[in-house]
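First the structure, in the form of C-alpha cells, and then the observations on it.
Counting convention: from 1, in listed order, for ligands and their atoms alike.
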Amino acid sequence: MSTDGVAAPAGPPHFDLVVRGRRVLTAAGIAAREVGIRDGRIVAIEPLGHGLVGRSAIDLADDETLLPGLVDTHVHVNEPGRTDWEGFSSATRAAAAGGVTTLIDMPLNSIPATTNVAALAVKRAAATGQAFVDVGFWGGAVPGNTSDLRPLHDEGVFGFKCFLLHSGVEEFPQLEAEEMEADMAALASFDAMMIVHAEDSAAIDRAPPPRGARYDRFLASRPRGAENVAVAEVIERARRTGARAHILHLSSSDALPLIAAAKREGVRLSVETCPHYLTLTAEEIPDGATAFKCCPPIREASNRELLWQGLADGTIDCIVSDHSPSTPDLKDPENGDFAVAWGGVSSLQLGLPLIWTEARRRGIGLERVIGWMAHAPARLARLTRKGNLSLGGDADFFVFAADDGFVVDVARLKHKNPITPYAGRTLTGVVRRTFLRGVEVDGTTPTGRLLRRREA
Ligand SMILES: [Zn+2]
C-alpha cells in the first residue's frame with residue numbers, strides 16, 4: 001500500500017473509499033480493478049484506470065491482493081462462562097488479524113450453552129460492544145430441547161449443532177441417532193440445518209482408551225471407523241428426513257466416497273474440514289504435545305493427502321478453523337497426557353497462511369483457497385452479502401501479501417491463551433490490513449455487528 005490520500009480527479013467524490021490494485025479478486029477472478037465503497041457496501045467494480053473518485057483511496061502495492069473477508073463458521077468463543085478460555089474481544093481481534101471478517105460462534109463451551117432463546121440473549125448481551133468482526137450464532141440441539149429449535153431459528157441462529165458422542169462438557173449432552181433424526185425432521189419443516197460432530201459413541205467406547213503422552217495411543221482411541229459410522233448415520237437420517245445436514249471437521253478420509261455418493265444422490269449434505277487436518281500429520285506430532293490434541297484427531301500423512309483430493313474434487317465444501325482454545329493448564333503441560341488434556345486447536349488467526357502455504361506447494365491457486373475459506377462458508381450460512389467482492393455486498397475485505405512470509409510467534413497471536421501447535425512454523429502469506437464494511441479494523445473500536453440469519 002503506498003497512499004491513503006485524496007483521489008486525484010476533480011469533482012465531488014462518489015464513494016467513501018476507493019481501493020485500486022493490480023490484483024483484486026472478484027467473481028471474474030483476479031484482475032486489475034478499482035472498487036468503490038459507499039455506506040459499507042461495494043457499489044462499483046471497474047477496470048483499473050477507470051478513475052473512481054472517493055473521499056479516501058488506497059492503492060495496493062504490487063505484491064498485494066485484495067481478497068474478500070474470510071468467513072469462519074466454526075469458532076468456539078466460550079464467553080460467557082469460560083471467558084478465561086477465550087472471549088468475544090480477543091477472538092474477534094484474532095479473526096480480523098487473520099483476514100476473517102465474519103465468524104459464527106459454536107453453541108457450546110460457553111455457559112449457558114446456546115440451547116434456548118434465553119441463553120442466546122445472554123450470549124448476545126455478552127458479545128455486545130466487543131466484536132471487531134461480524135459475529136453470528138449457531139444454536140444447539142440437545143436431549144429435550146426440540147421445542148426450543150423453532151424459537152431459536154426465529155431469533156436468527158444459523159442452524160443447530162449436535163454431538164453423537166460426549167461433547168467434552170457436561171452442559172451440552174449428546175443426541176442418540178434417533179433423537180437427531182427427530183430434530184432433523186423438525187428442522188426440515190422450516191428449512192434449518194443440522195451440523196453434526198460425527199464420531200460414534202459406541203465405536204469410541206470399544207476402541208482402546210488413550211493413556212499417557214503417546215500420540216499413537218491417542219490416535220488409536222479415536223479411530224477412523226468411529227467417524228465413518230457416524231457420517232453414515234448422518235447421511236441416512238438426512239436422506240430420510242430431507243433435512244439439510246453438515247458434517248463438521250471431517251478428519252477420516254475413508255468417509256469421502258460415502259459423502260460423494262450421498263451428494264450425487266441428492267442428499268442435502270455439506271462437509272467442512274480444518275487447517276490442522278490439512279497441514280499436520282500424526283507422524284510428526286511429538287509425544288506429550290497436547291497442543292495438537294483435537295477430536296476427531298489429526299491422522300496420518302496418507303489421510304491428509306486424500307482430504308486435499310476431497311477438496312479438489314468438491315466432496316469437501318469448505319475449510320474453517322474449529323478454533324477451540326482453553327487455558328494452558330487444561331492442556332496438561334506438566335505431563336502431556338492426551339487422556340486428560342483438553343481437546344481443541346487454536347488457529348483462528350492463522351487459517352489462511354496455513355492453507356495457502358500448503359496449497360501453493362501443491363500448485364493450487366489463491367482463488368480456489370478463497371473459494372473454500374470465504375465463498376463456501378458464506379454459502380453454507382446463507383450469508384448473501386459476505387464471502388465475495390461483488391456489487392451490493394458488504395465491503396468486507398483484506399489486503400494479502402501472498403509471497404511474504406513469517407514465523408509463527410505465539411506472543412503475537414491475538415487469541416486469549418498463548419497456545420497453538422503452529423508455534424515456530426514458517427508460513428507464506430501475510431494479512432496486512434482488514435476492513436469491515438469499508439472501515440479498517442484497528443483493534444481499538446469494535447465495529448462488528450451481531451448477525452441474524454437472513455440479515456446479512
Ligand atoms: Zn468445534
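- Taking 2.8 Å as the criterion, His74 counts as a coordinating residue of the Zn ion (ligand 1), since one of its N, O or S atoms falls below it.
- Each of Met106, Lys161, Lys123 was compared with Thr114 under the side chain to side chain contact (heavy atoms under 4.5 Å, CB included) criterion, and only Lys123 meets it.
- Every residue meeting the side-chain contact (heavy atoms from CB on, under 4.5 Å) condition with Ala95, not counting sequence neighbours, appears here in chain and number order: Val100, Leu103, Val133, Leu348.
- For His249, every N, O or S atom stays at 2.8 Å or more from the Zn ion (ligand 1).
- A donor atom on one side chain and an acceptor atom on the other are not found under 3.5 Å apart for Asn417 and Thr327.
- The Zn ion (ligand 1) is closest to atom OD1 of Asp322 (considering only N, O or S atoms).
- With salt bridges taken as basic N to acidic carboxylate O contacts below 4.0 Å, none links Glu283 and Arg304.
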